[in-house]
Amino acid sequence: GDSVTQMEGPVTLSEEAFLTINCTYTATGYPSLFWYVQYPGEGLQLLLKATKADDKGSNKGFEATYRKETTSFHLEKGSVQVSDSAVYFCALSEYAGNNRKLIWGLGTSLAVNP
Amino acid sequence: EAQVTQNPRYLITVTGKKLTVTCSQNMNHEYMSWYRQDPGLGLRQIYYSMNVEVTDKGDVPEGYKVSRKEKRNFPLILESPSPNQTSLYFCASSSRKIQGIPEAFFGQGTRLTVV
């Protein structure tokens, strides 16, 4: 079945550092790809998404490009802030019959120090 | 404000004592689902519902029940909880668009401990 693999954490960076969190996927079809973020004590929030190859999703300074040739959707930010400390999840959207299901990576914890 | 509301946020219970975790959304979404989140396993889908009175099993349905009597509510029922159901639970909802990929909205989570 479809699957998502993302880099293990925790990732610890200093403020204003460059961030990359790697995400690769396997899928039989052409899934949509997502990054969700989970801030401490809160639920999951959609950070950005891309629905087809070469699409770039962006939000709050974060970007990710849907690369079909490398089956990747790496998350990047040029200058992280302390407020970006959270757990980041890569996911793909899979349709199985009537079920629209999200397949998740295991999450990458990011800690940004001042 | 668009939101998915779960209750309770935290629950400690004993083995075998029936419990219900409620989930309500105010966005008139057709599609709702429940996930559990466990260390090293990520999020796994428990049950989903395409619309009122339409529910089906996800990947890990054993030990759980759901109902969808109203569009806005999708409670998760544990008839006889066991310690292996100790987990963090999330409810999610999204619209059932034909075109495009709808965003899934998540509740804040329910941390359940079964002793």
Side-chain angles (χ1 to χ4, degrees), chain A residues 1-10 21 23-25 27 29-53 55 57 59 64 66 73 86-109, chain B residues 1-7 9-10 21 23 25 27 29-51 54-61 66 68 88-111:
Chain A
D2 295 359
S3 66
V4 173
T5 303
Q6 60 182 104
M7 63 185 284
E8 291 185 23
I21 300 178
C23 172
T24 57
Y25 67 91
Y30 300 95
S32 293
L33 301 173
F34 305 85
W35 277 99
Y36 278 82
V37 59
Q38 186 176 24
Y39 296 104
E42 298 186 16
L44 293 149
Q45 302 173 29
L46 179 67
L47 181 60
L48 53 84
K49 68 181 180 183
T51 58
K52 60 184 187 299
D55 266 4
N59 185 27
Y66 190 145
F73 193 55
V87 181
Y88 293 82
F89 292 89
C90 184
L92 66 81
S93 182
E94 173 187 83
Y95 283 89
N98 285 326
N99 188 14
R100 175 186 169 267
K101 186 167 64 175
L102 287 167
I103 306 295
W104 299 85
L106 295 183
T108 302
S109 176
Chain B
E1 180 189 356
Q3 59 184 7
V4 178
T5 304
Q6 289 179 232
N7 280 297
R9 292 287 309 277
Y10 303 91
V21 183
C23 174
Q25 50 95 2
M27 296 165 280
H29 284 165
E30 295 87 358
Y31 186 93
M32 298 184 75
S33 58
W34 277 101
Y35 291 84
R36 59 179 288 174
Q37 183 182 13
D38 301 291
L41 297 174
L43 283 95
R44 295 175 292 168
Q45 191 185 56
I46 303 170
Y47 266 95
Y48 66 96
S49 169
M50 299 302 297
N51 214 324
V54 182
T55 64
D56 208 345
K57 297 176 181 178
D59 295 319
V60 287
V66 293
R68 188 90 182 274
L88 179 59
Y89 292 87
F90 288 102
C91 178
S93 77
S94 62
S95 65
R96 192 182 172 191
K97 291 182 183 178
I98 303 300
Q99 298 291 333
I101 303 299
E103 174 183 348
F105 290 80
F106 284 80
Q108 289 188 295
T110 296
R111 187 165 292 283

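To find a chain, count down the sequence lines: A is the first, B the second, and so on, and within it residues start at 1.
- Heavy-atom distances place the side chain of B:Tyr35, and not its backbone, under 4.5 Å from chain A.
- The backbone N or O of A:Ser32 lies less than 3.5 Å from no partner atom in the side chain of A:Ser93, so there is not a single donor-acceptor pair.
- Only the side chain of B:Leu88 has a heavy atom closer than 4.5 Å to any heavy atom of chain A.
- Annotation: B:Phe90 is not in aromatic contact with A:Trp104 [ring centroid separation under 6.0 Å not met].
- Only the side chain of B:Arg9 comes within contact range of chain A, with heavy atoms under 4.5 Å apart.
- Interface residue A:Leu102: backbone and side-chain heavy atoms are both found under 4.5 Å from chain B.
- Ranked by heavy-atom pairs under 4.5 Å with chain B, the list A:Leu106, A:Leu44, A:Val4, A:Leu46 is led by A:Leu44.
- Considering CZ of A:Phe34 and CZ of A:Phe89, their distance stands at 15.5 Å, rounded to 0.5 Å.
- Residue contact with chain A, scored on non-hydrogen atoms closer than 4.5 Å, is absent for B:Asp38.
- Using a distance-only test at 3.5 Å, with no hydrogens or angles considered, a donor-acceptor pair links the side chain of B:Gln6 to the main chain of B:Cys91.
- Under the rule for a side chain to side chain donor-acceptor pair (under 3.5 Å), B:Thr5 has no partner lying at least two apart in sequence or in another chain.
- For chain B, no part of A:Gln45 is nearby; none of its heavy atoms comes within less than 4.5 Å.
- At a threshold of 4.5 Å between non-hydrogen side-chain atoms, the residues B:Tyr31 and B:Met50 count as touching.
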